[in-house]
Amino acid sequence: VMRPWHIAKALKSVRSLDKALGELTEEEILHVLEIEVGGSRRSSVIDRLFRQAVELNRQTYEAKLKEKYKWPAPSL
C-alpha cells in the first residue's frame with residue numbers, strides 16, 4: 001500500500017527526500033523514481049532513489065539467505 005503523503009514529501013525537495021527516504025517502501029521508492037525519471041528531473045534525487053532501492057533489495061536478499069542457510073550458525 002503506497003502512502004500518498006510520503007510520496008508527496010519525497011517529491012517536494014531534495015531535503016524532504018532525504019528526510020523521507022528511510023521511511024519509504026520499495027514500492028514507494030520505485031514510484032517516486034518513475035516520476036523523477038519521467039520528468040527528466042534532478043539527477044541527484046534519481047541517484048539517491050536508485051541507491052536506496054538497491055540497498056532495500058540487498059537487505060531483503062541477505063535476510064532470505066541467512067534464513068535459508070540458518071546463518072549465522074547457532075553456537076554449540
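Each residue takes its place number in the sequence, starting with 1.
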Contact list for residues 28-38, test salt bridge (charged side-chain N to carboxylate O under 4.0 Å, His left out), sequence neighbours left out
Arg3-Glu28, Glu36-Arg41, Glu36-Arg42
To the nearest 0.5 Å, what is the distance between CH2 (Trp5) and CD (Glu23)?
6.5 Å
Is any side-chain heavy atom of His31 closer than 4.5 Å to a side-chain heavy atom of Ile7?
yes
Evaluate whether atom CZ of Arg58 has more than 12 neighbouring non-hydrogen atoms of other residues, nucleotides or ligands under 6.0 angstrom away.
yes
Applying side-chain hydrogen bond (donor to acceptor under 3.5 Å, both in side chains), which residue pairs with at least one partner in residues 63-73 are found, sequence neighbours left out?
Glu62-Lys66
Looking at CG of Leu56 and CD1 of Ile29, how far apart are the two atoms once the value is rounded to the nearest 0.5 Å?
4.5 Å
Hey, could you give me the CG/OG1 distance between Leu30 and Thr25, rounded to the nearest 0.5 Å?
8.5 Å
Do Lys9 and Leu17 have side chains that get closer than 4.5 Å, going by heavy atoms?
no
Can you tell me how far apart CZ (Arg48) and OG (Ser43) are? Round to the nearest 0.5 Å.
9.5 Å
Determine yes or no for a side-chain-to-main-chain donor-acceptor pair under 3.5 angstrom, with Ser16 supplying the side chain and Lys12 the backbone.
no
Hydrophobic clusters here meaning ILVMFWY residues chained together by side-chain heavy-atom distances under 4.5 Å, can you tell me if Val37 and Val45 are in one?
yes
Considering all heavy atoms, the nearest Leu24-His6 contact
CD2-CB, 3.7 Å
